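Please read the structure below before turning to the comments.
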Amino acid sequence: MSISNPSKSATSVLLEVHALTKKFGDFAANKGVNLVLEAGKIHALLGENGAGKSTLVKMIYGALQPTSGRIVWQGKELHIDNPAAARELGIGMVFQHFSLFEALTVAENISLALPAQLRNKDLNHRIASLSKDYGLPLNPDALVADLSVGERQRIEIVRCLLQEPRLLIMDEPTAVLTPQEAEALFATLNRLTNEGCAVLYISHRLEEVKQLCHDATILRHGEVVAQLDPQQETAATLAQHMVGTSVHQISRQSADNIGDVLLELQNLNQYSDTPFGVDLLGINLQVRSGEIVSIAGIAGNGQGELFAAISGETVNADRDAVTIQTMPCGQLGINARRQLQSAFVPEERNGHAAVGEFSLTENILLSHHAVRDGEVAVQNGWSGINRAELARINQHVSDTYDVRSASVDAEAGSLSGGNLQKFVVGRELDRKPKVLVINQPTWGVDAGAAALIRQVLIDLSRQGSAILVISQDLDEIFELSDRIAVISRGQLSAAYGASDMTREEIGLLMSGAHEKANLIQDQTGGI
Amino acid sequence: MSAYEAIILTVITASTPLLLAAIGELVVERSGVLNLGIEGMMVMGAVSGFAIAQVTGSAWLGVLMAMFAGIAMSLLFAFMTQTLVANQVATGLSITLLGLGLSGLIGSSFVGMPGLKLGYLNIPGLSDLPVVGKLVFGQDPLVYISIALTIGVAYVLKRTRIGLIIRAVGQNHDSAHALGYPVIKVRYACIAFGGMTSGLAGAYLSLVYTPQWIENMTAGRGWIALALVVFSTWLPGRLAAGAYLFGGVWILGLYAQGMGLGIPSQLLSSLPYVATILALIVISTNRRLSVINTPASLGQGFVPDR
């Protein structure tokens with residue numbers, strides 16, 4: 001796509017934010033933030049997770065009330081009491097985590113978010129025509145539960161467009177899109193700005209910010225650290241502003257010691273038992289000793305289901321569907337699979353990988369209780385818990401993987417996202433597993449923690465382990481992988497050498513280029 | 001009146017209190033709230049309806065009072081669970097226990113008194129029609145109210161904006177709040193509606209079904225209503241079918257006992273429960289429909305983040 005004309009002459013200030021501060025208790029999520037948005041421009045809001053981007057836009061959208069500071073809309077200072085008031089002004093927002101109701105239809109979802117004068121009989125008709133007009137086709141009567149994540153985002157965008165917004169806030173919109181879908185979104189956004197709309201674009205993907213945006217504001221720890229023209233910057237300088245220091249460069253030798261197949265999936269089929277789940281269809285994959293294989297894909301295409309099928313959280317009917325270290329274990333549970341020197345790190349760190357209310361040592365017991373890798377078991381028989389050994393492991397994990405917590409044995413839930421992720425990864429890596437399956441290794445963690453986690457994964461693989469990474473972050477995938485496969489709608493493509501793959505090719509696979517129609521037919525069974 | 005007419009009449013009479021209590025709870029649960037206090041609200045409706053009817057001599061004033069008593073109990077529940085965000089299960093159970101105890105205290109002086117009975121509807125001409133006359137046009141007014149409520153709830157939930165908002169609040173209260181809907185107020189209103197119909201159900205017991213006050217006279221009907229709501233997958237039509245099935249098997253069991261068939265009475269009196277559970281399990285085997293209709297935030301407290 002082409003960058004839309006940045007030299008729009010007749011720009012006018014639409015929204016000004018002066019010294020906006022938001023405190024949650026003693027913690028200031030935003031401190032004296034200033035921001036100016038002009039009509040016809042796309043303004044990027046950059047920052048790491050936890051930098052206060054969401055808090056800022058929620059205040060502009062009326063979902064949160066500022067502790068102090070002023071919001072000036074078209075020259076008039078005002079209080080935006082709630083999202084309805086913001087929409088009344090012409091501020092629309094597309095959330096990162098969509099505020100959609102899965103059990104309702106597209107039209108019902110849109111209708112819920114519209115002011116009274118826009119809800120009428122021909123709403124369905126207008127949804128269909130507007131979405132077609134902007135190249136975002138939608139069926140108003142479809143149930144949201146049946147739609148892909150990209151389609152769900154369209155609902156949010158179409159809902160905003162129906163209100164003819166003056167300002168559109170987009171929170172990490174491309175996180176759930178294929179590169180091709182993202183291009184289409186950029187075209188829509190450029191069309192909107194050409195029509196005079198302002199866009200506040202939240203992202204941490206620096207390349208697309210450079211490509212798309214006219215201005216950028218960078219937040220760190222709740223404060224504005226830079227306001228600049230992204231066209232004049234490089235991705236590296238933008239990252240430096242976001243993180244504050246320069247980010248550790250990951251070192252990676254080529255994988256020269258590829259050994260035996262340690263993890264194999266053979267015609268893995270797993271049907272979902274809820275209508276909101278994804279069926280896994282005919283999945284084949286081999287991961288060898290010494291390599292990292294990544295599975296790319298848009299959220300909600302079966303990654304969680306695939307992880308559960310490999311880890312043994314869902315048990316398969318076919319024992320040969322999953323083979324770990326030459327042992328067919330499709331019918332075995334998670335403990336039996338762990339005993340084959342394998343380890344699993346799920347996506348959701350608090351609530352799935354770890355119990356937030358438990359201490360760190362207790363959380364170590366949760367994934368180590370059935371395995372005995374060292375000389376000492378953490379559990380003796382049914383009742384005896386070897387607390388000393390657990391404490392030793394915890395100390396080792398916290399030293400090796402730089403887990404920072406208030407006390408050595410703090411509650412897991414009290415750790416920051418990055419530190420808890422380092423803990424749950426470190427907990428499994430401490431066992432030196434031969435097979436590691438990890439879902440979204442660095443989702444929502446700060447750049448420093450992400451670099452550390454990626455480095456330890458590469459190091460482990462070079463020591464001869466087989467690692468399968470499931471991720472939605474293409475940068476991460478290219479940084480880590482020796483081979484890349486793509487999952488879409490529960491089907492997995494072949495795994496190709498990472499150096500031969502381009503983003504465009506991955507994008508095509510994400511949109512289902514490898515899917516086999518005969519498999520999909522099985523999937524569309526009864527309502 | 002033929003025997004068969006009498007059977008159908010008693011079936012309707014046995015089913016109506018269940019339907020009344022359950023249709024309110026269905027709305028409550030659709031808004032994402034689990035109120036286990038139906039039994040307590042019902043029994044308070046029963047005693048206060050009976051008492052007011054005795055004192056004023058008007059059964060209709062009794063019905064009105066029963067509705068208020070149900071609403072009052074439900075607002076107590078709403079205050080604890082919505083404003084104070086107490087645990088809904090524990091609060092609901094305590095509402096049931098409170099209602100059972102309080103009603104015994106209030107009703108102690110009314111025990112054994114002959115009660116006032118709400119009259120049957122009698123439309124000259126229509127009610128005298130052969131066969132259908134008594135059945136269709138000669139029921140007591142609360143039967144028509146219960147049917148009208150069921151149809152009304154079905155219509156409102158499915159077709160109107162208010163219903164859409166209730167479903168949205170029950171599906172995902174965070175999103176509903178983010179869109180600017182008053183989650184807590186919607187839930188207060190639904191809980192109060194549930195209290196009103198539970199109170200009505202109680203009044204039906206003490207002013208129509210057995211027009212007198214007996215301590216603990218709800219005899220677990222609140223819990224049956226609760227089960228009906230879940231098994232009906234939160235759909236009003238299925239709920240009505242379940243309520244009438246339950247009432248029907250119950251009455252058949254009584255007749256079978258009366259005829260002396262030699263089946264143990266315990267077995268017969270368990271039949272309605274078994275039949276209802278079986279029928280509703282068969283209905284709810286369509287998992288897709290069940291999961292889609294299940295209010296996803298059922299039983300979760302909501303605290304807006306501001």
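Everything numeric in this text was worked out from a predicted model, so none of it was measured.
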- Message: So, taking the atom named CD in B/Q171 and the one named CG in A/L100, what distance separates them when rounded to the nearest 0.5 Å?
- Response: 11.5 Å
- Query: Take atom CZ in A/R126; do more than 12 heavy atoms of anything else shown fall under 6.0 Å from it?
  - Reply: yes
- Query: Do other residues, nucleotides or ligands put more than 12 heavy atoms under 6.0 Å from the CD atom of A/E357?
  - Reply: no
- Checking A/L112 against chain B: side chain, backbone, both or neither under 4.5 Å from a heavy atom? both
- Task: State which residues pass side-chain contact (heavy atoms from CB on, under 4.5 Å) with A/E102; sequence neighbours excluded, sorted by chain then number.
- Result: A/A145, A/R152, A/F276
- With B/R167 via salt bridge (Lys or Arg N to Asp or Glu O under 4.0 Å) - residues at least two apart: A/E108
- Message: If you apply the rule side-chain contact (heavy atoms from CB on, under 4.5 Å), what do you find for B/L164 with A/S111, and how did you get there?
- Response: CA-CA 9 Å; B/L164 180 58; A/S111 158; 3.9 Å; yes
- What part of B/A296 gets closer than 4.5 Å to chain A, counting heavy atoms only: side chain, backbone, both or neither? neither
